[in-house]
Number of protein chains: 2
Amino acid sequence: MSEDSDGNGARRSSPTIYDVAAAAGVAPSTVSRTFSRPGRVNSETAERIRRIAAEMGYRTNPVARALPTGRTSIIAIIVSDVTNPFFFEIIRGAEETASAAGYTLLVADVNESADAERKALDRTLPLVEGIVLATSRMSDSSIRVAAKQRPTVVLNRTTTDIPSVVTDNARGMKRAVHHLADLGHTSITYVAGPQGSWADGVRWRAFYDATTELDIRGKRVGPFAPTQAGGLSAAHELAKDATSAVISYNDLMAIGMMRGFVRQGISVPDDISVVGFDNIFGSDFCTPPLTTVAAPLHSLGAYAVQTLLAELAKTSYDRQAAPKPLKVVLLPSQLVVRGSTGPRNAVLAKRAS
Amino acid sequence: MSEDSDGNGARRSSPTIYDVAAAAGVAPSTVSRTFSRPGRVNSETAERIRRIAAEMGYRTNPVARALPTGRTSIIAIIVSDVTNPFFFEIIRGAEETASAAGYTLLVADVNESADAERKALDRTLPLVEGIVLATSRMSDSSIRVAAKQRPTVVLNRTTTDIPSVVTDNARGMKRAVHHLADLGHTSITYVAGPQGSWADGVRWRAFYDATTELDIRGKRVGPFAPTQAGGLSAAHELAKDATSAVISYNDLMAIGMMRGFVRQGISVPDDISVVGFDNIFGSDFCTPPLTTVAAPLHSLGAYAVQTLLAELAKTSYDRQAAPKPLKVVLLPSQLVVRGSTGPRNAVLAKRAS
DNA sequence: CGCTGTTTGGCAATCGGTTGTCATTCTGAG
DNA sequence: CTCAGAATGACAACCGATTGCCAAACAGCG
């Protein structure tokens, strides 16, 4: 008579507000308001309802809540390649921030394909409240189409009128060039990443500015795929080149490049210095350990979600009142010096001149 | 007059079956059936409805569908640590399989905490159709509680009455031991991973069996954390030890261990051979490249989802008719020989005896 | 021509919350 | 004692699809 001798029904599914309402002798709407609109219900009544609900193990059904309100409590992060270690900490940071705010994070992998990305958006957009596009491979216009449907934040990229979170690539690049200059290098090559990459553009420009400013010979090769394989190809191309230092688009390429150099009998850093970007997992235990411009990966993910949450809050309370301050969050990068960079080798220097 | 001069309403949200029904001059139910129950609607009518729906840009609202049916088309995979490269390919494999079946994959990271895992389950269970627990940190009973609510598949672990997908650790370990034996090693140490780990138990047992069978001295040290830091500690402990070969619980530890050895002036593989488990990202470019028992990571994820999908299909069509064949999918592992293993060093061998 | 059987489409209930509106009760001031 | 106004809870209409049931239409058969 007391607890679970309910007899017939209610075997499978969990209790609803109707069950709780019946048990508490109130209307379902009151139960609903107890949870969703605190203060609207008399505190004694609310207390009683909460107690009974807890006893029955009531949990509000997210799907049922989402239907009338649109609040699914899910946000999505779309990454171009989950197997790229670049994203690990980003995802972790995003997840933590989302969880803390009561949101569930949906990670979608699109395997470097703009087409898959569009499909993933199609599938996830209707069920999320907002999205983070991490290193999107889509065009600005495609992004804007998505942003029209749900609040959107882009990561590692800037797109007009869409909030974004990026690393301070320019300053990082500048530091890297200075570091190499301090080591005596007078000729540096930038190994470019994928053509469409926003980050590649920024990095190259910063590289150009820094080298001209310091009166260093700055060259560019590429583009190459942003993978170890791409780095390997770059190593071949660079072998015939007279440069004593390279800065590569990212760590993955740098690692591949160093492996390529080893095969060709070129020693890092004695014959050539290598600098990467991002400080991904593995850049500390490759050989030699990689000097790299560290991106604040964890923060990148965290800020992206935070920005999105702010956007969501704004949207819900007055749609187009705010004049869109076009937020671009710029996070600092940091040069991590390890074993892959060293003073300019005299022998090679002679060959270079 | 033709396309979007609709005048007043319908600014914000997308069209519903009601809109389509009105435009086509049929009942909403007919529109619904057109999509969800092909054949139930006259093919001409269906064709017309489909055309009109396409013109209007109608897309069925997944939330609305989920409410009455419970079919959210989402499955979750819960991983103990997204930053562990072990999971990259697993997630990719899972995602691909899920997508192909029209499901969206929800990746939840629980940061190695059983508590966070329970919270993540709490949050995700009500909105997914099924879950994959990849390397769960929870107790069997907690897992069973979850499995009672939604179809569940466990990865890298076996739990009574719950379908599971695991690697053939035993055979892999046997191969590793034989490999070392062939190189002349007569004493091998197993560096254990976390105590609660199912895989650790299986690997240790297989190690024990293989060494006794080959009449090799098999020892065990640990447990250690399954990270690079754990491996580093292990290296210290092993330095005083007279062993010419170690097999570590996983690659991450093996990499950490090798770094520890280097610091102590112990050369790999000249002084000591190292074998890891899993073949994660980075095991090919650490120094020396790691010999490891490769787990079929991609397949692991793919099969887990496939098993789950099979379970879902079963559930929907006759709940408890099938007598539960208790499926355990066992995937083969493979020994990848690289530079971290070599013939037994005579000097060290003398010291060992 | 009448009867049965099969398509096919419509009606309406339902999933489980949310929320606008209204009625009731209670409080306190005049 | 009366009445305005606030506090509180109930009613009912949604959100958008699914689906059991029924009725109309139509075909086929004797």
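Remember, predicted model here, so these are calculated numbers, not experimental data. Per chain, numbering begins at 1; letters A, B, ... match sequence-line order.
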Margin query: Once hydrogens and angles are ignored, does a donor-acceptor distance under 3.5 Å link the base of dC11(D) to the side chain of S29(A)?
Written below: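 For S29(A), whose side chain was compared with the base of dC11(D), there is a donor-acceptor pair (under 3.5 Å).
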
Taking only the side-chain heavy atoms of [X] (C-beta and beyond), determine which of [options] contains the nearest atom.
| X | options | result |
| --- | --- | --- |
| Y18(B) | dG16(C), dT19(C), dA17(D) | dA17(D) |
| T30(A) | dG9(C), dA10(D), dT19(C) | dA10(D) |
| T16(B) | dG16(D), dT18(C), dT19(D) | dG16(D) |

Notebook entry, point to check: Under 4.0 angstrom, heavy atoms only, what part of the nucleic acid is Y58(A) near: base, sugar-phosphate, or nothing?
Noted result: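 Contact class for Y58(A): sugar-phosphate only.
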
Does some side-chain heavy atom of [Y] sit less than 4.5 Å from a side-chain heavy atom of [X]?
| X | Y | value |
| --- | --- | --- |
| D109(B) | I91(A) | no |
| W198(A) | T158(A) | yes |
| N111(B) | E96(A) | yes |
| L127(B) | I74(A) | yes |

Rounded off to whole Å, could you give me the [atom1]-to-[atom2] distance for the [X] and [N] pair?
| X | N | atom1 | atom2 | answer |
| --- | --- | --- | --- | --- |
| R65(B) | dG16(C) | CZ | P | 18 Å |
| N61(B) | dC14(D) | CG | C1' | 14 Å |
| L67(B) | dA13(C) | CG | C1' | 13 Å |
| R71(A) | dT18(C) | CZ | P | 7 Å |

